[in-house]
Each structure stands twice: as structure tokens, then as C-alpha cells.
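We use all heavy atoms of the structure for the numbers below, so side chains are in, but hydrogens, waters and symmetry mates are not. All ligand and atom numbering here is 1-based and tracks the order in the structure.
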Amino acid sequence: MNIILIGAQGSGKGTQAELLATHLQLKPCASGELLRAAIAAETPAGLAAKPYYDRGDLVPDQLVIDMILDAIRDLGVARGILLDGFPRNFTQAQALDARMAALGERIDKVIYLDVPRNILLDRLSSRYVCEAYGHVWNVKTHPTRVPGICDHDGSALKQRSDDKPEKIAHRLDIFFNETIYLLDYYRMQNKLMRVDGTSSIEEVYQEIISDLDPSLVRQSAVSTLPDESSLS
Ligand code: AMP
């Protein structure tokens with residue numbers, strides 16, 4: 001089964017991606033993470049992507065398409081993949097469809113985590129990550145024991161460069177003005193599942209899993225939950 005998770009930043013798609021990948025044994029592929037790794041490693045693609053990333057703009061299609069399609073090729077799709085953050089527009093969706101078809105595969109399901117903009121704004125402006133490993137915390141909903149210090153590794157917390165208040169509104173604009181139209185693309189293909197992303201992590205997970213694999217319903221995901229605040 002090949003799945004796409006669509007949701008604005010702060011919708012919880014990173015958290016759900018981790019749970020679903022674990023429980024359904026899918027290979028996760030998150031475009032934002034691939035880009036952050038490329039930027040940190042200062043690869044040519046990372047250096048080209050950095051100015052866009054730092055402004056909160058979408059990285060140019062060709063750059064991100066090449067990166068993700070290479071990752072999909074390297075992952076293989078034997079047990080299925082779970083895409084998080086890609087595609088974000090029609091060009092990317094069509095490139096993905098073409099690549100999947102070339103591999104003899106297809107996207108089976110597209111899950112949209114629906115969260116109103118005001119809640120997203122609130123979640124994102126209080127989200128922090130640790131400098132050492134990027135553990136995600138939230139000063140309102142999931143604070144560290146010592147303010148500003150990661151519980152897991154003791155490193156200092158910082159805001160992601162694209163989580164600064166002035167960038168957040170811009171990124172949400174891009175989602176609601178551009179990415180949201182992908183929902184029609186997948187709805188017309190009868191692949192879209194809309195989930196209320198304001199529910200708890202466990203409730204959202206159960207709703208998704210009841211559609212994808214009812215045999216897993218009621219097996220709590222809590223024991224494998226990542227940090228509650230990792231709403232990316
Ligand atoms: P995310 O971690 O999904 O919130 O993505 C962080 C940033 O990476 C976005 O604001 C974009 O700058 C960039 N990015 C991630 N995925 C894509 C994509 N599919 N297309 C273009 N830019 C992307």
C-alpha cells in the first residue's frame with residue numbers, strides 16, 4: 001500500500017507518519033526531512049534549496065521532485081511507502097504518478113489531516129526543536145522539564161528557521177492557496193480520506209487505521225508514540 005499524507009505544517013502529519021509507518025510497515029519518506037538533511041550536509045541540492053526553505057517558500061519543483069523520486073527509487077516500494085510533505089502541487093503529483101507507474105505501482109490512499117488555520121498558527125508558534133537531534137517540543141502542549149533544554153539529550157532548544165512567526169503565516173498561505181487543491185485531484189480518483197486533525201493523536205491514528213487496516217483498530221498506538229508535540 002502506497003500512501004500520501006497531506007496536511008499543513010502543524011497538522012500532526014509527521015507524528016501520524018511515524019505511527020503509520022511503524023504499524024503498517026511502510027517506508028517513510030518526508031520531503032522536509034530530506035531537504036533539511038541536504039541543507040545540513042551542504043550538498044549542491046541542499047545549497048540550492050536553502051534560500052527557499054529559509055524564506056518558507058516551496059523549493060523549486062524540479063529540485064524537490066528529483067530528490068524525492070530518487071529517494072523512492074532507493075527505498076523500493078515492495079512493502080509500500082508513506083509520503084509526507086510530497087507532493088505539494090499538481091506538477092509534483094503528476095511527476096509522482098509517472099514515477100509510480102514506471103515502477104508498476106500506484107498511490108492507493110491519500111489522507112488529509114484537516115486542521116483550521118488558527119489552530120495551526122498556535123501550534124507552530126510554540127513548537128521548538130533541540131539542537132542535537134531535532135526532538136520536537138511544544139511550550140504549550142508538551143514542554144520540557146527544564147525550559148529551553150531537551151529532556152532527551154540536554155541540548156538547547158531552538159525554533160526551526162521556518163517556524164519564526166513571520167514565516168509561519170507565509171507557509172500556511174502556500175498550503176491553503178496551493179497544496180489544498182491537490183485534494184480535488186485525489187478526490188476525483190476516489191483516493192481521498194479526510195480526517196479531523198484536531199482530535200488527539202490516538203484518535204486521529206485510530207480513524208486512519210480503521211479505514212486502512214481494521215485489524216489494527218483498538219491496538220493502542222500510544223506505546224510507540226513519538227513526542228506528543230511532534231506536530232509537523
Ligand atoms: P515540512 O518539513 O514538510 O514542513 O517542509 C519544510 C519546508 O521544506 C517547506 O516549507 C518547503 O520550503 C520545503 N519543502 C518540503 N517539501 C516540499 C515540497 N514537496 N515541495 C517544495 N518544497 C518543499
Side-chain angles (χ1 to χ4, degrees), residues 3-18 20-21 28-41 43 45-72 81-100 107 110-113 115 117 119-121 123-130 133-138 158-183 185-186 197 226-227 229-232:
I3 298 175
I4 297 173
L5 265 178
I6 296 182
Q9 292 85 351
S11 63
K13 70 182 158 56
T15 305
Q16 295 298 330
E18 204 168 328
L20 293 169
C29 184
S31 52
E33 273 171 30
L34 287 175
L35 282 164
R36 280 186 284 283
I39 290 169
T43 65
L47 291 173
K50 189 173 186 324
Y52 299 92
Y53 181 99
D54 285 345
R55 283 197 301 269
D57 286 335
L58 289 188
V59 170
D61 284 334
Q62 207 47 55
L63 225 158
V64 80
I65 286 170
D66 287 346
M67 191 178 285
I68 294 284
L69 296 189
D70 285 354
I72 291 175
I81 54 172
L82 182 66
L83 287 166
D84 163 5
F86 181 90
R88 265 170 151 99
N89 58 31
F90 286 115
T91 307
Q92 295 180 10
Q94 283 163 346
L96 174 65
D97 282 349
R99 168 56 61 98
M100 296 301 276
I107 295 299
V110 178
I111 300 160
Y112 171 47
L113 293 183
V115 180
R117 189 186 167 104
I119 296 180
L120 294 167
L121 270 171
R123 285 181 178 178
L124 287 168
S125 50
S126 49
R127 178 168 77 170
Y128 286 79
V129 295
C130 81
Y133 295 103
H135 295 124
V136 186
W137 300 94
N138 190 298
K158 59 171 189 180
Q159 272 196 308
R160 265 171 50 170
S161 63
D162 55 346
D163 273 355
K164 300 277 188 325
E166 65 278 12
K167 309 264 177 66
I168 291 172
H170 179 54
R171 289 160 70 212
L172 292 181
D173 282 346
I174 292 175
F175 181 83
F176 286 109
N177 292 335
E178 191 167 347
T179 306
I180 197 102
Y181 292 105
L182 274 183
L183 303 185
Y185 180 77
Y186 291 114
D227 294 338
S229 60
S230 51
L231 298 166
S232 55

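- Using a 4.0 Å cutoff on heavy atoms, Arg55 does not count as a contact of ligand 1.
- Using a non-hydrogen distance threshold of 4.0 Å, Glu178 does not register as a contact of ligand 1.
- Taking the ring axis of Tyr53 as reference, the NZ or CZ atom of Arg55 does not stay both within 45° of it and closer than 6.0 Å to the ring centre.
- Annotation: Gln92 places an N or O atom under 3.5 Å from an N or O atom of ligand 1; distance criterion only.
- Under 4.0 angstrom from ligand 1, the non-hydrogen atoms of Val64 all belong to its side chain.
- Below 4.0 Å from some heavy atom of Lys13 lie the following atoms of ligand 1, by number and element: 3 (O).
- To the nearest 0.5 Å, atoms CZ (Arg88) and CD1 (Ile65) are separated by 13.0 Å.
- Contact check for Val59 versus Met67: no side-chain heavy atoms found under the 4.5 Å cut-off.
- Close contacts between ligand 1 and Arg171 involve ligand atoms 4 (O), 10 (O) [criterion: under 4.0 Å to a heavy atom].
- When non-hydrogen atoms are compared, ligand 1 lies under 4.0 Å from the backbone of Val59 as well as from its side chain.
- In summary, the atoms of ligand 1 found under 4.0 Å from a heavy atom of Ser31, numbered by their order in the structure, are 15 (C), 16 (N), 17 (C), 19 (N).
- Those atoms of ligand 1 with a heavy atom of Leu35 less than 4.0 angstrom away are 8 (O), 13 (C), 14 (N), 15 (C), 23 (C).
- Using a 4.0 Å cut-off between charged nitrogen and carboxylate oxygen, Arg99 and Asp70 do not count as a salt-bridge pair.
- With a heavy-atom cut-off of 4.0 Å, Lys50 does not touch ligand 1 at all.
- Between Val129 and Lys158 there is a side-chain heavy-atom pair separated by less than 4.5 Å.
- A donor-acceptor pair is defined here as one N or O able to donate and one able to accept, closer than 3.5 Å; such a pair exists between the side chain of Asn138 and the backbone of Arg123.
- Within a 6.0 Å sphere centred on CZ of Phe176, heavy atoms belonging to other residues, nucleotides or ligands number more than 12.
- At least one heavy atom of Arg36 sits closer than 4.0 Å to an atom of ligand 1.
- Close approach to Tyr53 involves these atoms of ligand 1, each under 4.0 Å from a residue heavy atom: 6 (C), 7 (C), 8 (O), 12 (O).
- Looking at Gly85 next to ligand 1, an N or O pair under 3.5 Å apart turns up.
- If you look at Asp57 next to ligand 1, the close heavy atoms, those under 4.0 Å, all belong to the backbone.
- In this structure, the side chains of Ile4 and Tyr186 come closer than 4.5 Å at one or more pairs of heavy atoms.
- No side-chain heavy atom of Gln9 sits less than 4.5 Å from a side-chain heavy atom of Ile174.
- Other residues, nucleotides and ligands place no more than 12 heavy atoms under 6.0 Å from the OH atom of Tyr52.
- Not a single N or O atom of Glu33, backbone or side chain, sits closer than 3.5 Å to an N or O atom of ligand 1.
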